[in-house]
Number of protein chains: 2
Amino acid sequence: MVIEGIRSLLQHEKGIEWMGHATSASSCLAFLSQEQPDVILMDINLPDQSGIDLCKEVKQRYPSIFILGLSTFNQQSFIEKMLSNGASGYVLKNATQQEILDAINTVIKGKQYLSFDAALTFRKSDETSDNPILTRREKEVLSLIAEGLTNNEIAAQLFISPATVDTHRKNLLAKFATKNTASLIRKAAQMQII
Amino acid sequence: MVIEGIRSLLQHEKGIEWMGHATSASSCLAFLSQEQPDVILMDINLPDQSGIDLCKEVKQRYPSIFILGLSTFNQQSFIEKMLSNGASGYVLKNATQQEILDAINTVIKGKQYLSFDAALTFRKSDETSDNPILTRREKEVLSLIAEGLTNNEIAAQLFISPATVDTHRKNLLAKFATKNTASLIRKAAQMQII
DNA sequence: CATGTACTCCTGTTTTTCAGTGATTTTTAC
DNA sequence: GTAAAAATCACTGAAAAACAGGAGTACATG
């Protein structure tokens, strides 16, 4: 449905040639082994593999192809991951025809393009930073808490003292501005951290 | 983008007339006050309002219009809510042209249509019933727990004894097959209950 | 009317979490 | 190479949650 939409938005554009489409990561790689376009519009949600991972793979094999991330989700974490995996831009699925054209024309020059809304949330999350920045250990502890482990169990799992786990736990509560496990886990879940 | 896709998939179909499209709940209602189609393909993610709520509203005002839910998410809770709000079916955005045509032709006869994949998850969740059935009180207690309230605070809020809250809490842990608050909240969050 | 379900409440005990304070060692980054 | 950030650990006491087991009331449904 989305592929059809993009095709119909682009097919009459001069200067743009539609080379093909793929509906999975594997078929995309198979296609690329035959011919390589200048730009790929890559969905994040693929049946066999994450578009985020595929992006990295494609960029490794074919560094000259520019990739535009494509997703329904206007989520800072996704945008970040796509860009850090070599994507040149990010377009939302509710983008207008003009936006897509702008995006393609921008990235083909080697520049970065972000959808208007995407750029907004990107900037906002940069400024307000609503997602607390967690350290490696804190993330580990958080996800083990979410699994239902107690401090002692977590300590055993990570080969550290229960007291240390307790400290990480306190820091997590502070960073999330919560006062107990329940609200901590809820917030973390809402932020898609766990 | 998606609208373009559907339009291009349907525009050459005989027996189907494309009456228009809207990109928000409010513009949809404005459109419907002018003319009413037989079928609406309604996205769940709208900028101003949830498609789930809009579905209810449209069905109340125009009971004769059949609504097909449309979403990227193959989530049982969404499907359920759409159907209980009067939708006649649910189609995923990766549906084929044939699926959309089938869906439209099915619902227009007053029957229900579910996308293949949607029907799968629907049935699966029906059989295994991974979502525990909660009572009214349990839902209340659960959401207050998720807010970070303690048993005493919840008791005060609901005008019941802390002991009762404790009992509900025990039942919640049992129903979710969890052993503490952390994993309870995580599961509930994943099931979109809170 | 018996059975089941939901809601209510109780007494204890044990385990876990939360709060506060303080300190050492490793890593990381500039 | 040094300053900042992260990770480590300890102690105390209070608060909260988890576990166990029992028990009464209301209400609907078969």
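Keep in mind that this is a model prediction, so the values were computed, not measured. The chains referred to below are lettered A, B, ... by the order of the sequence lines, with proteins before strands, and numbering in each begins at 1.
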Name the pairs: protein N/O against N/O of nucleotides 10-15 of chain C, kept only if under 3.5 Å.
{"from": "C:dC10", "atom 1": "OP2", "to": "B:Ser161", "atom 2": "OG", "distance (Å)": "3.0"}

*Find the distance B:Asn180:CG to C:dT17:P and express it as a whole number of Å.*
7 Å
*When you match B:Ile160 and A:Asn151 each to their closest nucleotide on DNA chain C, which lands nearer the 5' end?*
B:Ile160
*asked:* Whole angstroms only, please: what is the NZ-P distance between B:Lys139 and C:dA6?
replied: 11 Å
*Nearest whole angstrom, please: distance from the P of D:dA6 to the CD of A:Glu140.*
14 Å
_Side-chain N,O (B:Arg136) to OP1/OP2 (C:dA6) below 4.0 Å_ = no
*Scan side-chain atoms only and decide if B:Arg169 and B:Thr181 contain a donor-acceptor pair under the 3.5 Å cut-off.*
yes
*asked:* Under a plain distance cut-off of 3.5 Å, with no hydrogens placed, do A:Gln112 and A:Ser88 share a side-chain donor-acceptor pair?
replied: no
*Could you work out which one of C:dA6, C:dT16, D:dA17 sits closest to the side chain of B:Thr135?*
C:dA6
*Please state how far atom CD1 in A:Ile145 lies from atom P in D:dA17, giving the value in whole angstrom units.*
15 Å
Exercise answer: donor-acceptor pairs, residues 159-166 of chain A side-chain atoms, under 3.5 Å, sequence neighbours excluded:
{"from": "A:Ser161", "atom 1": "OG", "to": "A:Ala163", "atom 2": "N", "distance (Å)": "3.0"}
{"from": "A:Asp166", "atom 1": "OD2", "to": "A:Lys170", "atom 2": "NZ", "distance (Å)": "3.4"}

*For the pair B:Glu13 and B:Arg7, find out whether any cationic side-chain nitrogen is under 4.0 Å from an anionic carboxylate oxygen.*
no
_Euclidean distance, atom CD1 of residue B:Ile185 to atom C1' of D:dA17 [Å, nearest integer]_ = 13 Å
*Are A:Glu57 and A:Gln49 close enough that some pair of their side-chain heavy atoms sits under 4.5 Å apart?*
yes
*B:Met19 versus B:Phe31: any side-chain heavy-atom pair under 4.5 Å?*
yes
_I want to verify a distance call: between C:dC7, D:dC19, D:dA7, whose nearest atom is closest to the B:Leu173 side chain?_
D:dC19
*Nearest-Å distance, NE2 (A:His168) to C1' (D:dA7)?*
5 Å
_So A:His168 and A:Glu140, do their side chains get closer than 4.5 Å, heavy atoms only?_
no
*To the nearest Å, give me how far apart NZ (A:Lys179) and P (C:dA19) are.*
8 Å
*Could you check how far CD of B:Glu153 sits from P of D:dA16, rounded to whole Å?*
7 Å
